[in-house]
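Convention: sequence-line order gives letters A, B, ...; per-chain numbering from 1. These figures come from a predicted structure and were not determined experimentally.
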Amino acid sequence: MENEIIVVTGLTKKYGQVKAVENLNITVKEGEIFGLLGSNGAGKSTTIECMLGLKKRDSGSVQILKMNPLTNRRKLFNEVGVQFQESYYPDRIKVKEMCELTSSLYNKPIDWMGMLKRFELNDKTNQTVSKLSGGERQKLSVILALLHNPKVVFLDELTTGLDPAARKEVWKFLKGLKEKGLTIFLTSHYMDEVHYLCDNISILNKGREIITGTPDEVIQNSGEENLEEAYLKYIKQEVVK
Amino acid sequence: MKALWVLLKIEIKLAVREFSGILFGIMIPMGLILLLGALYGDKLANDQANYTMLQQSFAAVVTIGIIATGLMGIPLTLSSYREKRVLKRFQATPTSPAQLLLAHFLNNFLIAITSSILVFLSAKIFFNYTMIGSLWNFIVIYLLITISIYSIGMLIASISPSVKTSNLLCTIVYFPMLFLSGATIPYEIMPEGLQSFANFMPLTQGIKILKGVSLGMNMNEFLSPIIILAVTGIVCTIISIKTFKYDY
């Protein structure tokens with residue numbers, strides 16, 4: 001298909017003898033919000049890192065925007081944004097310096113001051129990143145992932161640590177970006193968020209795909225009432241060999 | 001190019017904020033040259049010497065800025081960038097981490113050069129220091145020592161899995177070099193046993209050449225220490241590039 005932005009086939013990653021991710025297949029289309037779900041340690045972050053070529057996969061293939069992340073790194077990251085689950089920063093760096101630094105790495109950065117205003121961080125520009133609250137830092141990491149107007153963005157637990165109002169703010173913002181054609185790959189532990197945002201989801205358990213579909217399909221398939229219950233049911237299930 | 005400039009600018013700001021690089025790299029060598037000048041003035045180095053104690057010590061003091069930045073600044077910042085996953089963040093952008101490392105290298109080099117110029121100016125203004133040998137030769141050897149010492153720093157940065165290890169390795173390498181290579185305590189006054197131990201350190205070799213050329217000796221007389229420094233620089237740089245990891 002023409003508009004497939006992310007295609008993962010048979011992705012497997014082992015740490016020693018332990019299979020962190022096993023034979024995973026994912027397809028994400030243009031303008032879609034895709035959610036990868038699973039409990040802590042299910043292999044979500046490993047999957048993202050292998051997809052982006054930050055970790056070496058043992059087998060399988062990955063294509064993002066028709067590029068191989070391992071061979072087209074620089075070109076790829078000009079069009080792909082990444083927000084890491086643990087966003088660490090150099091010591092003593094200020095918010096505006098982090099934005100300036102990140103902007104300078106890209107060909108066509110957008111106006112970061114406007115983004116800071118949009119997320120009400122504009123009065124914090126002179127503050128050290130380490131002195132921001134958890135929520136503020138999380139918002140900053142989302143901003144940094146979007147500074148170059150990417151075509152695809154990977155958001156690893158994007159709203160963890162945000163208060164309810166800020167979460168809603170981020171949701172609205174992401175929906176707006178989706179309307180403009182941004183493709184989003186995210187992980188989250190909040191099922192209300194997933195249900196609201198995602199077009200398609202995939203639940204992982206011990207590195208294996210348990211079920212994939214739209215949130216409503218997953219609920220229907222599970223026979224439960226809502227996504228939270230469906231999710232809990234699926235992650236308790238033993239992996240069928 | 002723009003990215004490198006912004007990276008360098010911000011690294012400099014961070015170094016000033018962090019301050020230990022400025023203290024160990026600039027203020028300590030400046031303090032030391034002022035102290036040596038005040039203690040010895042223009043006393044001759046020994047009975048037969050036609051140069052002063054200050055002229056003899058100048059080259060050694062100048063190298064303190066190189067080792068403070070190369071053996072503390074570079075490895076400690078790089079391994080903390082790795083431990084804090086700053087390197088990993090950069091790996092997911094179009095920059096090459098090589099660019100980040102280069103910015104880091106230049107930042108430390110700027111501190112070292114600032115330090116050496118200030119040491120030179122203090123010696124000149126307060127104690128009338130003049131370099132007997134050729135300034136050009138001095139600069140060539142200065143750069144050779146910098147490359148060799150920085151390559152050791154980058155090697156430590158590459159092979160250390162954590163800031164803790166890197167700290168330990170830095171201490172093991174930095175302090176003997178600081179005290180035994182002749183950078184702070186004159187090599188000439190050390191007992192012979194200590195001298196032969198000190199000779200193993202690249203910095204001791206470096207200081208010997210730098211001291212020699214600053215006192216007007218010919219570079220040809222130092223062929224073997226020059227080769228030692230060059231080989232150290234090449235070998236350590238290759239290993240540090242081969243073993244470099246974005247995260248552990």
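Both the backbone and the side chain of B/Ser96 come within less than 4.5 Å of a heavy atom of chain A. Looking at A/Arg73, only its side chain comes within 4.5 Å of chain B, counting heavy atoms on both sides. Contacts of B/Leu7 with chain A are made by both backbone and side-chain atoms, with heavy-atom separations under 4.5 Å. For B/Glu18, the parts sitting under 4.5 Å from any heavy atom of chain A are the backbone and the side chain alike. Contact annotation for A/Tyr89: both backbone and side-chain heavy atoms come within less than 4.5 Å of a heavy atom of chain B. Heavy atoms closer than 4.5 Å to chain A are found in the side chain of B/Lys13, but not in its backbone.
In terms of non-hydrogen atom pairs under 4.5 Å with chain A, the most contact-rich of B/Lys2, B/Arg85, B/Lys88 is B/Lys88. Options A/Asn78, A/Thr102, A/Asp91, A/Leu54 differ in how many heavy-atom pairs under 4.5 Å they form with chain B, and the most are formed by A/Leu54. When A/Lys75, A/Glu49, A/His148 are compared by the number of non-hydrogen pairs under 4.5 Å with chain B, A/Glu49 comes out ahead. Between chain A and the residues B/Leu4, B/Leu14, B/Val86, B/Thr93, the largest count of heavy-atom pairs under 4.5 Å involves B/Thr93. Residue with the most contacts toward chain B among A/Ile93, A/Leu52, A/Leu144, A/Leu76: A/Ile93 (heavy-atom pairs, distance under 4.5 Å). For chain A, the option among B/Gln99, B/Glu11, B/Lys9 with the highest count of heavy-atom pairs below 4.5 Å is B/Lys9. Of the listed residues A/Glu79, A/Met98, A/Glu100, the one with more heavy-atom pairs under 4.5 angstrom with chain B than any other is A/Glu100.
A donor and an acceptor atom, one from each side chain of B/Ser162 and B/Thr165, are located under 3.5 Å apart. Counting only N and O atoms by type, the side chains of B/Tyr129 and B/Ser122 include no donor and acceptor under 3.5 Å apart. Side-chain atoms of A/Thr187 and A/Asp156 include a donor-acceptor pair closer than 3.5 Å. When only modelled atom types and interatomic distance are considered, A/Asn25 and A/Glu209 share no side-chain donor-acceptor pair under 3.5 Å.
Ion pairing of A/Asp58 with A/Lys19 is absent here, as no side-chain N (NZ or NE/NH1/NH2) approaches a carboxylate O to less than 4.0 Å. Under a 4.0 Å N-O distance rule, the pair A/Lys29/A/Asp199 does not qualify as a salt bridge. A salt bridge links A/Glu169 to A/Arg118: at least one charged side-chain nitrogen sits closer than 4.0 Å to a carboxylate oxygen.
Here the two rings, on A/Phe173 and A/Phe119, have centers that are under 6.0 Å apart.
Ring geometry for B/Phe105 versus B/Phe109: interplanar angle of 30 to 60°, hence tilted.
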